[in-house]
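Naming convention: chains lettered A, B, ... in sequence-line order (proteins, then strands); numbering from 1 in each chain.
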Amino acid sequence: MMSDEGGGGSVDVEAGPAAAVAGSAELSDETSVTEEGTELERTIGLAGGLSIGVGTMIGAGIFVFPGLAAGRAGPAAAGSFAIGAVVALLVALPTSELATAMPKSGGGYYFVSRALGALPGAVVGLSIWLGLVFATAFYLVGFGSYAAGVLTEVGVPVGNSTVVSLALVSGALLTGLNLFGTENAAKLQNYVVGLLLAILVVFLGYGGLDALGVFGTASAPERFMPFGPFPMFTTAALVFTSYLGFAQVATVAGDIKRPGRNLPLAMVGSVLAVGALYVATIFVATSAFGSGALSSFGETAIVEVARAFAGRAGAVAILLAGLLATISSANASILSTSRAVFAVSRDELLPTAASRMNLRYGTPHVALALGGGPTLALVAIGEVEVLAEVASFLHLVMYGLICVALIAMRRDEPAWYDPAFRVPYYPLVAVPGAVASFGLIAFMQPLSRIVGVAIMLVTAGWYKYYASDVSLKGAL
Amino acid sequence: MRDDPDAEAPTVLVPVKVLEGQALPETLATFLAPADVVVLGYHVLPEQTPAEQASLQFEERAQAAVENIAHAFREAGGAAETRVAFTHDRDQTVERVATEAGATAILLPNPVGEVDDLLVAVRGAIDADRLAALVATLIGGGDQRVTVLGVAADGTDFDAEAAVADVRERLRVRGVAADRITTETAASERPVADIVARSGAFDAVVMGESEETLWSVLFGDETERVAEGAIAPVLVVRRGPATESTSG
C-alpha cells in the first residue's frame with residue numbers, strides 16, 4: 001500500500017551525487033549526514049540568509065559612518081561606499097562558489113584552510129574570530145551612541161562615558177541572551193531587519209526626492225571631491241566595515257536549506273541591497289547638509305538629517321531605527337563569532353573544549369563567551385574608527401585569501417569539488433577581488449595596520465606553538 | 001490477519017526527544033509491535049547552535065539512546081529502524097523523515113498502560129483506508145475494543161454518521177470482528193476539546209492528519225492540540241500520497 005512512496009524506510013536516501021564531499025559528511029538540500037549516520041537538518045531559508053547578511057551589515061553604513069565618511073571625503077563618500085560595494089561583490093562571488101562546494105559551518109576559514117593549507121587557514125580562522133570581536137565592539141559602540149541619543153532626546157544629560165557604559169551593558173545583555181537560548185532570536189532578527197528596511201526606504205525616498213528639488217528648490221550640489229580623489233579611497237577602507245556581513249552568511253552554510261541556490265542569492269543579494277541603501281544615504285545626507293556640518297554631528301549624523309526633513313518625529317524614528325540596526329548587527333556578529341570559534345576548534349586549532357555546548361540551554365556557551373568577553377574589553381576602549389578598521393583589516397585578509405582559494409581550487413579541481421554555483425570568467429573576478437581586498441588595507445591608518453599585523457603574527461605563532469601537527473580532513 | 005498477505009505492514013514513525021531522556025512505555029512497544037516502527041531520536045537546538053556542533057558532542061549519546069528504544073520494540077516482536085537528527089525545527093524534521101520512511105502514521109507519545117480500548121476519532125475528510133489498515137494491523141490479532149467516534153463541527157456539512165459507518169466497514173473487512181467495534185457520533189462547537197475530553201476513557205487515540213489552515217499555523221495543529229490535552233498517546237494518520245479524501 002505504500003509502494004510508490006519515497007524511501008520506503010531506507011535510511012540512505014540522502015546520499016546524492018554530492019555525497020563524496022570533503023569533510024566526509026554527506027550533503028543534500030535538506031540535511032547533511034555525519035559519518036555515523038546522524039542527520040543534521042538544514043533549517044535556514046533564503047529569507048534567514050538574507051537577514052543574516054543585511055542584518056549584520058546595515059547597522060554600520062547608515063547609522064554610524066555617514067558623518068565620519070563625509071568629513072573625510074565630502075560627497076565623494078558616496079563613491080567610497082560604491083567602491084566598497086564593488087569590492088564586496090568581487091569577493092561575494094568567489095565566496096558563493098566555495099560555499100556551495102563546501103556548505104559547512106565556518107565559512108571563509110573552511111575554504112581557505114582546505115584550499116591553501118593549515119597555516120593560512122589557522123591565521124584566517126583565528127584572526128576572523130578576533131576580527132568579529134572588533135566588529136561586534138564597533139557595532140556596540142554605535143548602539144551606545146544611539147542609546148545616548150535617545151536619552152538626549154528625552155532630556156537626560158549624557159557624557160562620553162555614557163556611550164561606553166550603554167555599549168557595555170548591551171553587549172553583556174546580548175551575550176547573556178544568546179547563552180541562555182533565545183529560541184526565536186532568528187525570527188525576531190528577520191522582523192527587525194524588515195522593519196528597518198521599511199523605515200529606511202521611506203526616509204531615503206523622501207530625502208532623495210527632496211534633494212532633487214521635488215519639495216522646493218534642489219539643494220545646491222557641493223563639489224563632489226572637495227578633498228581630491230585620494231580621501232575617497234582611504235574612506236572606502238574605513239567604511240568597508242559596512243560590508244563585513246555577507247561572508248557571515250557562509251558561516252551558517254551548514255544549516256542553510258538548498259545551499260546551492262540560497263547561499264549565492266543571500267550573499268550577492270545582501271551586498272546589492274545594502275550597497276544601494278548606503279550610496280543613497282550618503283547622497284541624501286550630503287544634500288541635506290554640507291559635509292562639514294555632517295561631520296560635526298559625528299556617529300549619529302543621520303539623525304540630524306532626519307530632523308531636518310521631518311522634525312522631531314523624524315529624528316525619533318531614525319534614532320529607533322539606529323538602535324535596532326546597531327543591535328541587530330552586534331547580535332549577528334556575536335553569533336558569527338561563536339560559529340567562527342566552533343569552526344577552528346572542530347579542526348583542533350583551538351582546544352576542543354571551546355566548541356562544547358551545554359545541554360540544558362543547548363547553546364555553545366564557551367564559544368559565545370570567547371566572543372562576548374573580549375568584545376566587552378574592546379568596547380571599553382571606545383575608539384570607533386580603530387575598531388572598525390581593525391575589523392575590516394582582518395576581514396579583508398580573509399577575503400583576499402578566499403579569492404586566492406578559489407583560484408587554487410579551480411586550477412587543480414579535486415574530484416569532490418562540485419559547486420552548484422560557478423563564478424563565470426573566474427580569474428576576472430577572483431584576481432581583482434584579491435588585489436582590491438589587499439589594496440584597501442594599504443589605505444588604512446597606520447595604527448589599524450599595526451594592530452592587524454600584530455594579531456596575524458600572534459595567530460601564526462599560536463599555530464606553530466599549539467597546532468602545527470594538525471592535519472585537516474579534506475584539504476587540497 | 002490482513003486481507004492481502006503481500007501488503008507491507010504500515011510504518012509508524014515514533015519521534016522521541018532523545019537527549020531529554022524521553023522514554024517510551026513498554027506497553028506502547030507491545031501495542032505498536034505489529035507495525036514497522038521507525039524510531040526518530042531528535043534534538044531541537046536554538047538557532048545560535050550549529051547542528052554540526054551539537055552532533056559532535058552528543059551524537060553517540062543520542063544514537064545509543066535511540067538504539068535502546070528500538071531494542072524495546074524488537075524485544076516486543078516488532079521491526080524497528082532508527083534515525084537520529086539534530087535540528088532547529090522539530091516539525092520540519094518529523095515531516096521529512098515521515099515522508100522519507102513512507103510512514104503511515106506518526107506517534108505523539110503520552111504515558112500509557114496496557115492498550116485495551118482504542119479511540120478512533122473522525123472529524124473531517126481523512127484517509128479512511130490508511131487509517132483502517134493501520135488500526136487493523138495493530139489490533140487485528142488481539143482482543144482490544146475500538147470505538148469509532150465521529151465529530152461534526154457545528155455549521156459544517158461533514159456527515160459524521162456516514163464517515164463512522166465507512167471506517168467501521170473497512171475495519172470489519174480487514175478482520176476486526178464487528179462485536180469489537182463501537183460507533184458514536186456527536187455534533188460539537190469545539191471538536192478538539194470534545195475529543196480530548198473523551199480520550200480520558202481510552203488507552204490510545206488514532207486520528208487523521210488535519211488540513212493546514214491559518215488557524216493551525218497560528219495555534220498549532222489540531223492533532224497536536226489533542227495530543228497535548230489528552231492523557232493517552234495519539235497516532236496521527238498521514239494523508240496518502242494521492243488519496244486526498246475518501247469519506248464524507
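Heavy atoms closer than 4.5 Å to chain A are found in the side chain of B/F58, but not in its backbone. Looking at B/L56, only its side chain comes within 4.5 Å of chain A, counting heavy atoms on both sides. Only the side chain of B/R61 comes within contact range of chain A, judged by heavy atoms closer than 4.5 Å. Only the side chain of B/V97 has a heavy atom closer than 4.5 Å to any heavy atom of chain A.
For the pair B/E100 and B/R83, the salt-bridge criterion is met [side-chain N within less than 4.0 Å of a carboxylate O]. Salt-bridge formation is detected for the pair B/R174/B/D129: a Lys NZ or Arg NE/NH1/NH2 atom is positioned less than 4.0 Å from an Asp or Glu carboxylate oxygen.
Applying the salt bridge (Lys or Arg N to Asp or Glu O under 4.0 Å) test to A/E36 and every residue at least two apart in sequence or in another chain returns nothing.
Counting only residues at least two apart or in different chains, ring pair (Phe, Tyr, Trp, His ring centres under 6.0 Å) contacts with residues 346-374 of chain A comprise A/F180-A/Y361.
Checked by atom type, the side-chain pair A/E41/B/T93 shows a donor-acceptor distance below 3.5 Å.
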Atom pairs and distances, donor-acceptor, side-chain atoms in residues 69-76 of chain B, under 3.5 Å, two or more places apart:
from, atom 1, to, atom 2, distance (Å)
B/R74, NE, B/A80, O, 3.3
B/R74, NH1, B/E67, OE1, 3.2
B/R74, NH2, B/A80, O, 2.8

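Here B/Q57 is the residue among B/H88, B/Q57, B/Q63 with the most heavy-atom pairs under 4.5 Å with chain A. Between chain A and the residues B/G41, B/P50, B/A51, the most heavy-atom pairs under 4.5 angstrom are made by B/P50.
Below 4.5 Å, heavy atoms of chain B meet heavy atoms from A/D255, all part of residues 246-255 of chain A.
Nearest heavy-atom pair, A/N190 versus A/G48, reported as atom, atom and distance to 0.1 Å: OD1-CA, 4.2 Å.
Cation-pi geometry between A/R114 and A/Y110 is met: the NZ or CZ atom falls under 6.0 Å from the ring centre, inside 45° of the normal.
B/L40 places none of its side-chain heavy atoms less than 4.5 Å from the side chain of B/V16.
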